[in-house]
Structures are given as C-alpha cells and as structure tokens.
Trainee: 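Got a structure for you, written out below as structure tokens; questions coming shortly.
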There are 2 protein chains.
Amino acid sequence: MELNKIYKGNSLTKLKSIADNSIDLIYMDPPFFTQRKHQLSSKNAKQKFEFSDVWENVEAYLAFIQRILIESKRVLKDTGSIFLHCDKTASHHLRLLLDQVFGVNNFRSEIIWFYKRWSNAKKGLLNAHQNIYFYSKSNNFKFNTIYQDYSLTTNIDQILQERTRQLNGKSTYKRDEKGQVVLGKEKKGVPLSDVWEIPYLNPKARERVGYPTQKPVLLLNQIIKIASDENDVVLDPFCGSGTTCVSAAFLKRAFIGIDISKDAVKLARKRLDKMVITQSDLLQKGKQFYLEKTPKELYILKSIGAFPVQRNSGIDGFLDHHFNGKPIPVKIQSKEETLENSIAKLEKASNNKGYELKIIIQTNSKENISLLELNPDVKVIKSMGLKIQEIKSVQKELIPK
Amino acid sequence: MELNKIYKGNSLTKLKSIADNSIDLIYMDPPFFTQRKHQLSSKNAKQKFEFSDVWENVEAYLAFIQRILIESKRVLKDTGSIFLHCDKTASHHLRLLLDQVFGVNNFRSEIIWFYKRWSNAKKGLLNAHQNIYFYSKSNNFKFNTIYQDYSLTTNIDQILQERTRQLNGKSTYKRDEKGQVVLGKEKKGVPLSDVWEIPYLNPKARERVGYPTQKPVLLLNQIIKIASDENDVVLDPFCGSGTTCVSAAFLKRAFIGIDISKDAVKLARKRLDKMVITQSDLLQKGKQFYLEKTPKELYILKSIGAFPVQRNSGIDGFLDHHFNGKPIPVKIQSKEETLENSIAKLEKASNNKGYELKIIIQTNSKENISLLELNPDVKVIKSMGLKIQEIKSVQKELIPK
DNA sequence: ACCGTCCCTGAATCATTGG
DNA sequence: TCCAATGATTCAGGGACGG
C-alpha cells in the first residue's frame, strides 16, 4: 500500500491489504457506540458531514471492532503500539477486546484526555474527558519520554542535589568533606503522565473543518511523538477529517488514512494538501495553519512585550509600544534561515509601510552582519539563548583543568 | 444494624445483616487486583498495617466483588447511589459487573481522580489517576450539583450580563435605554465535572495514619456532598482506616463502616474520636499562590530554555543543560532590585552549591556593574526588552526632525 | 522463573532556622 | 513573637540485581 495517502473504503478490507509487520503506530477513533447519527456543517454551511453510529446491539459493534483489532495487530511491527480512542460508553468492552487481542501484558496506559467544556443543565456530573487505551504489540515497544515542568511546589534546588542513605537507612542529601552539597546529574523535568489536559476544539477554532467529533491536532501530536520516530509509519483506519494524517505529516512521519465516507476523504485530502504544500515550503504555512508559532518563538515575543502576528512570513510580532508613532515589527530568525535571509524577509514585509525601527532577534548562528550593510532602522539583537551559548563556550576555556 | 459504628468482619456477611433499602450512599474502595501485599507503618513505626491483594485469578476476584455488589444493590434505597473506586488494573472488569448488577441505564459517570505524585524511571507514561464508577439504583437518584469557580480565562463580567437576540438572530449582550448593561440572574459558577484534581495524600501529610492506600478526606467529601444530604446513611464495606466514616461524620451524615482487619478497625475508631483533616495548602490557597513568577519572568525563562524554580528567592530557574556537569542557576533582576542586589541574592542562594556558572538577566536599569567586582562565574546578560529600550532611546536622537 | 532488597524518584508536607 | 525562607522527610512506583 502506498504511503502518505488517504484511502476511501471499508476499514477492514483496506487493512487486509496492508502487509504484516509494516506499521509503527496505529491511532484509531472508531464510532463510540453512541447509537446516534452525528452531523455537523462546515463553516460556510456549504457542506454537511455526517456518519452513523447506530448498531443493532453492543455485540454487533464489538464484533466489528474486534475484527479491526485483529488486523491491526497483524500489520503492526513488533515495536509498534496502538492507541484506541473512545469514551465511557463502551470503554470497558473495548478494553476487554484489547486485552484479548493484544494480551493483558501489553496494556501500557489508560490515557485520560480532559478538557474544560461549556456547561449544560444535566443532572449529574459534566462529562469532560475521553479515554485512550495504549497497548503495544510486545514488551519491546518504542517509547519517547516527554518531559514537563516540575510542580510548583517542588523544591527544585533540592532535587538537583545528590542523596545518600544514613546508617539507619534514612535518605538525606549528600555533603562532601567541606560541607558542600553534591550535585547530581542533569535533570530533564517530570515525565509526562497519563492525564492530559488539551483544550477541546473551540467551536470557533480555525482548525475546525466542520467534521463531527474532530480531534485537536495537539492531542495527536502528543501521541505520535511518544510512540514513533521520524519516518515511521502511522495508520488511522477511521481517519475522518484527517487529523491524524495532518499531525503525522507535520511531525515528519509517513501515514496511511482510511475512511469509508467519500466526503470525509475528500475533506481530509484537502486539509492535507494545504499541509503538504507547506511542507515543501519550509513548513511555514503549515505551522501557521496549525500551530501558528513554535512555543519558543511565542515565549521570545512575550518576553519582550510583543504580540504575535500570524500569517506573515516576514514579521513575527509587533512590540506593544510604538516608536515615533510607528509600530515596531519584530522578526525572529528561524532555524532554517541565515541571519541575512531573515533580514531580507523583514525588509520585504516592511516595504512601503513606513516603520521607523525594525528588530531582528538572532537565535541560532554566530554570523555577524556588518553594521555598514544594515539599514540604520534595522537592529539585530542576539537572543538571550544565543548569548548564553557564547558565554558557555568562552567560560569553558577559562576554567582551570 | 446500628449506625455510626465501625464493624469488624467479612464484608459480605456484614452486608447481609443490613436491611433492604436502608442506605443512601455506598462508597467502596476494594482491593484493586494488584496481586501484591500492601503494607505500611504508622508514623511512630509502632504499628504495621497490611492487607493482601493477591488472588488466584481474575475470575476469583470478580466473583468476590460481584457478591458484594449484589448485596450493595439490595441495601441501597431507590434514590441511592454507589461509587466504586478502582484503578486501571481491573476497571473494565469491574464496570462490566456494575453494568450487570445495576443495569447499563444506571451508569452515571466515570469519575477520574487525578493528582501529581512522585515519578520514577518507568518506560511509558506515569500513572496519575484512579477511576471511580458512579452508578445509581434508579433514575430517581439523589444528586446535589456542586458549583466551582469559573476558569481564569472566563470573562466573568460578561457572563453576568443578560443576553438578547438581535433582529438577525445573532446573540449580543443586552443594554437598557441608557445604554447600560443589564445584569442577569445570579450565576453560581461552573457545575462540577467528572475529572477531579485533588492532591494525593502526601507522605508527610498529618492526615496520614500509616494505613496503606489511604484516601484523602477531601475526595470522600466531594462524593458524599454530591450524592447525599445531611442525616443520610453512608456505607463503606471496605473502610480500611476509616476515611469514609471521618468524612461522613464531618459532613453530618450517619455511617456504617466494615473492615476485616482488626487493626484497621481499631485505627478507624481511634481516628473518628480525633478527626484530622489536612488543610491542604495547595487546595486552600490555590495554585496561584505558589506561582510566584510573573508571566514575563516565565516567558524569559522559557525563551532561554530554563525551567522555573518557585520556592527560592535567589534563583528563578535552571537552564535545562548543565555546564561542566553542574546546573546553571538563572536569576532575573526584579523591578524593585538593583542589579547589585540581584547578584548578591543569587550568590547567597548558590552558596555551598558548587555551581560553576550563574546567570543574571538584567531587566530594568542601565546601571553597569564593573566587571572587576564580579566573580568570574557570574555573568550578566541584558534582557532583550532592556536592549530594545536602549536602542529606542539612541535611535530617537538619530532621527532627523 | 520468581522472590525480596536496594536504589532512584519528586510532590508536598512538616520542621527548623533566621531576621 | 511571628512570618518568611529553606532544609528534611517519605511513599497503593518501578527497574535492576542477586540469591
């Protein structure tokens, strides 16, 4: 089967045409057994998408899913994993199937995706989570740990110290002969837990394409990051509007998408086209479409009191105070760009706009632009990260061996 | 059976001696099928508590629980509910039993209790939640909605305003003849959802009594509040150290506790005499209290790839890579501080720690520290915001009028 | 193959110090 | 005497290791 394609057809049939041990990661988001027909319209209301989740009984539903799972296991590589997304309606039945097909020992995690939601007047608790079951094909599964910030209550300077045991077996922080604390090895933060708070797709989100039960790309990004590497193959046998494929493409994984609805496949392909074009175009447009700025860029902008600008490849933000009555555009040098390149882009985007001061944040190279070549209204500032790098390398030379 | 007592004995036998339709709420926290023996010592190490959670197979475990559930249903009033606490190990099996005994239609919620806890070197996601299944005996179940604060991002003064529809059908906020907004009826907040973040009972918490698997009273409070009223009867057939009874007593509900361990019963009785409920700082003061950094400081830290440190007046963060095998502390000059002052604080906090490189981010003054006064391992970096300010003031002089 | 023991872990508390 | 700052403590985990 060809990669990076979305196929229209029955999931089971299409799965059967995939070779054994060829897939690294399967994410599936099958019907939840809601016994309802789901429909939603695209934003311009031109098109209505729908799919039916009505079954004769739960056994019929489970028999269907079971066949899908058996094929899924077959196509997975030995190091592969499957993520089955569902909700409380049938989660227990589905997990029994997973236990059966993949084995109890290959259960890895129950991931809870939760979100804050607009409330209604139902008697009872507001539903605000869905379940994702993570099973691997074997013990030898692929896993990349993601690290997160320490809790606010953690004493981080303590955590960085090495510990030892006293004679009575109690643990304390180690000190050397001089009474100095002994520092431990590098820490990366706290490993990601099985409870993920990721905002539900806001009804107004640009990402929304009008497909019912659409999942946020951020959720898929996290799954794909922890369970696969670049160039691995990701499969989604119920791909709907194609979120999994978009995420896979964005993260440089190969993908196969399958859906039975002609409209869904058409939509997913369209969504992906936008994405794929952008990939060749330095991923710029894709980033803007789905992720806007990288977190780091956002942090840089925020730290200088600038607000971000989307959809402009030459300007990343504007400072929140004017200069001589004119806005001050800011551009952050991106990974792929030379400094010169960045400056040219900023100049181009500022053409005819009358800005009196423009700022470039230099981030990832030590090339120095001669001040003479620079227009006097363009200022280059080294990012603090870059400065720290420089300090580190100079410092290293000074330290006595 | 007499109320407000804790009974020693087999759960099933004791349950059988309770009258039909006499209980308002059952909470149970049976063994989780961990296939392990759980043990823990009381703080003074005088007493060791333990229970075994080892079973021949899952069927034996389920048969045991099933009998308990059948009796539980019998003793519940028609308006009553049951909360079954478990974890991922057997949650799916247990929910099938609940479906069987109480009926699929009486499933109310899957409550996710999540928390932060210490981490470990596991390959995979860190477990940070447990599951509580909420079933009622009938549709006519008792339920009290708890309202919580609006999320911080909600625009509260807008929510309080009354809305109306324009001629074109669009919704807007209403205004009276004078153009003043019209305030709507009282809002109570957001109804409680099925995902609860309640701090795990910390190893050092005073509330801890040394019984393994002890649950926080705050968790039980929430359950008892939503599913019962004052003077109702709460039953816990696996009461262990008696948390449920403490919570019930505290909330003025009657209770019956049952446990098979003599030691547990003794402990629970003692605990009831002298109730200790941890006033969790984290819950009481809220996360905001611990968040000492301003958003700008956080952005600066993130933009240089540092993780924030909350509880240390001399260090704001650590870079995420070591230098010569040692962490690099970062301090951001705060508004009220002179640069000299900041440096002194950083030096003090680093005392005896053996850091080989320390970084100060200068933010809000143009004072320059003579390099001679500075220890060679302290480096001052001007923040990008400061540099932009400097550029602006120099630029202003250069601009032709 | 299975067991107990040891180690590393970090969140959130208690405990002690310092002004 | 009272906070505020920070040092000390310990576990419904989980891997490695040795018998």
Trainee: So how far is it from S241(B) OG to R271(B) CZ, rounded to the nearest 0.5 Å?
Mentor: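 Atom-to-atom, S241(B):OG and R271(B):CZ are 4.5 Å apart.
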
Trainee: Could you check G314(B) against Y200(B) and say which one's nearest nucleotide on DNA chain D is further toward the 5' end?
Mentor: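 The answer here is G314(B).
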
Trainee: Not counting sequence neighbours, which residues clear ring-ring contact (aromatic ring centres under 6.0 Å, His included) with F255(B)? List them please.
Mentor: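 F255(B) satisfies ring-ring contact (aromatic ring centres under 6.0 Å, His included) with no other residue.
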
Trainee: ring-ring contact (aromatic ring centres under 6.0 Å, His included) with W113(B): which residues, sequence neighbours excluded?
Mentor: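 By the ring-ring contact (aromatic ring centres under 6.0 Å, His included) rule, W113(B) matches H85(B), Y115(B).
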
Trainee: Starting from C1' on dT13(C), measure out to CG on L218(B) and report it in whole angstrom.
Mentor: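 In whole Å, dT13(C) C1' lies 14 Å from L218(B) CG.
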
Trainee: If you only use heavy atoms from C-beta on, which nucleotide in dA12(C), dT6(D), dG13(D) is closest to the side chain of K116(B)?
Mentor: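 Closest nucleotide to the K116(B) side chain: dA12(C).
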
Trainee: Take the protein atom CD1 of I156(A) and the nucleotide atom C1' of dG7(D), then report the distance between them rounded to whole Å.
Mentor: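 That distance rounds to 16 Å.
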
Trainee: Could I get the full list of ring-ring contact (aromatic ring centres under 6.0 Å, His included) partners for Y299(A), not counting sequence neighbours?
Mentor: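 If we apply the ring-ring contact (aromatic ring centres under 6.0 Å, His included) test to Y299(A), skipping adjacent residues, the hits are Y299(B).
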
Trainee: Rounded to the Å, how far apart are Q161(A) CD and dG10(C) C1'?
Mentor: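 Between C1' of dG10(C) and CD of Q161(A): 13 Å.
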
Trainee: What is the distance from CD of Q158(A) to C1' of dT9(C), rounded to the nearest Å?
Mentor: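 Computing the Q158(A):CD to dT9(C):C1' distance gives 14 Å.
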
Trainee: Would you indicate which nucleotide in dG10(C), dG7(D), dA5(D) comes nearest to any side-chain atom of S313(B)?
Mentor: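 Closest nucleotide to the S313(B) side chain: dA5(D).
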
Trainee: Which one, dG14(D), dG13(D), dA12(C), comes nearest to the side chain of W118(B)?
Mentor: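 Looking only at heavy atoms from C-beta outward on W118(B), the closest nucleotide is dG13(D).
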
Trainee: Heavy atom of residues 343-351 of chain B under 4.0 Å from DNA chain C: which residues?
Mentor: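 Nothing qualifies; none.
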
Trainee: Heavy-atom contacts under 4.0 Å between residues 124-135 of chain B and DNA chain C, which residues?
Mentor: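 Hits under 4.0 Å, by residue number: none.
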
Trainee: Rounding to a whole Å, what distance do you find between K122(B):NZ and dC11(D):P?
Mentor: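 Interatomic distance, NZ of K122(B) to P of dC11(D): 21 Å.
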
Trainee: Any base atoms under 4.0 Å from Y115(B), or only sugar-phosphate, or nothing? Heavy atoms, all strands.
Mentor: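 Answer is nothing: Y115(B) stays at 4.0 Å or more from every strand.
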
Trainee: With respect to the phosphate group of dC14(C), does any side-chain polar atom (N or O) of R206(B) fall under 4.0 Å of OP1 or OP2?
Mentor: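 Checking R206(B) against dC14(C): at least one side-chain N or O falls below 4.0 Å of OP1 or OP2.
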
Trainee: Please pick, from dA12(C), dT9(C), dG13(D), the nucleotide with the shortest atom-to-atom distance to any side-chain atom of K187(A).
Mentor: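 Side chain of K187(A) sits closest to dT9(C).
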
Trainee: Enumerate the salt bridge (charged side-chain N to carboxylate O under 4.0 Å, His left out) contacts for residues 240-251 of chain B, please, sequence neighbours excluded, ordered by first and then second residue.
Mentor: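 Salt bridge (charged side-chain N to carboxylate O under 4.0 Å, His left out) check on residues 240-251 of chain B returns no pairs.
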
Trainee: Would you mind reading off the distance between R117(B) atom CZ and dG10(C) atom C1', rounded to a whole angstrom?
Mentor: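 Going from CZ in R117(B) over to C1' in dG10(C) covers 11 Å.
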
Trainee: Holding to ring-ring contact (aromatic ring centres under 6.0 Å, His included), I want the full list of residues that pass it with F307(B), two or more places apart in sequence or in another chain.
Mentor: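 Testing F307(B) for ring-ring contact (aromatic ring centres under 6.0 Å, His included), a comparison that skips the adjacent residues, returns Y150(A).
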
Trainee: Applying salt bridge (charged side-chain N to carboxylate O under 4.0 Å, His left out) as the test, list every pair that has at least one member in residues 84-94 of chain B; sequence neighbours left out.
Mentor: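 Matches after skipping sequence neighbours: none remain.
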
Trainee: Among dG7(D), dG10(C), dC14(C), which nucleotide sits nearest the side chain of K204(B)?
Mentor: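 Ranking dG7(D), dG10(C), dC14(C) by closest atom to the K204(B) side chain puts dC14(C) first.
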
Trainee: Closest approach to the side chain of A205(B), judged atom by atom: which nucleotide of dG10(C), dG7(D), dT13(C) is it?
Mentor: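 So the side chain of A205(B) is nearest to dT13(C).
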
Trainee: Roughly how many Å is it from CG in N202(B) to P in dG10(C), rounded to a whole number?
Mentor: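 From N202(B) CG to dG10(C) P: 15 Å.
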
Trainee: Would you find more than 12 non-hydrogen atoms of other residues, nucleotides or ligands less than 6.0 Å from K348(B) atom NZ?
Mentor: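 Not buried by this count: 12 neighbours or fewer within 6.0 Å.
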
Trainee: Where does the angle between the aromatic ring planes of W55(B) and F64(B) fall among parallel (under 30°), tilted (30 to 60°) and perpendicular (over 60°)?
Mentor: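 Rings of W55(B) and F64(B): tilted, 30 to 60°.
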
Trainee: Report all interatomic pairs (protein N or O, nucleotide N or O of nucleotides 1-8 of chain C) with separations under 3.5 Å.
Mentor:
unit_1: dC7(C); atom_1: OP2; unit_2: R165(A); atom_2: NE; d: 3.4

Trainee: Indicate the ring-plane relationship of Y200(B) and W118(B), choosing parallel, tilted or perpendicular according to the 30° and 60° boundaries.
Mentor: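 Y200(B) vs W118(B) ring planes: perpendicular.
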
Trainee: Please answer whether the main-chain N or O of T79(A) pairs with a side-chain N or O of D24(A) as donor and acceptor at a distance below 3.5 Å.
Mentor: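 Looks like no, no N/O pair under 3.5 Å.
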
Trainee: When the distance from CG of L201(B) to C1' of dA12(C) is rounded to whole Å, what number comes out?
Mentor: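 So the CG-C1' distance, L201(B) to dA12(C), works out to 11 Å.
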
Trainee: Does dG10(C) have OP1 or OP2 under 4.0 Å away from a side-chain N or O of T153(A)?
Mentor: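 For T153(A), the contact criterion (side-chain N or O under 4.0 Å from OP1 or OP2 of dG10(C)) is not met.
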
Trainee: Just jot down the salt bridge (charged side-chain N to carboxylate O under 4.0 Å, His left out) partners of K116(B), sequence neighbours excluded, or say none.
Mentor: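 Here no residue qualifies.
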
Trainee: Please say whether more than 12 non-hydrogen atoms of neighbouring residues, nucleotides or ligands are located less than 6.0 Å from NZ in K188(A).
Mentor: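 12 or below, so no.
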
Trainee: Among pairs that include at least one residue of residues 131-145 of chain A, which meet salt bridge (charged side-chain N to carboxylate O under 4.0 Å, His left out), considering only residues two or more places apart or in two chains?
Mentor: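 Sorted result for residues 131-145 of chain A: K142(A)-D229(A), K142(A)-D232(A).
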
Trainee: Answer yes if the side chains of E340(B) and T338(B) hold a donor-acceptor pair under 3.5 Å, and no otherwise.
Mentor: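 On atom types as modelled, these side chains do not qualify, holding no pair under 3.5 Å.
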
Trainee: What pattern of brackets, bars and dots sums up DNA chain D from 5' to 3', given Watson-Crick or G-U wobble pairs under 3.5 Å, [ ] for crossing pairs and | for another strand?
Mentor: .||||||||||.|||||||

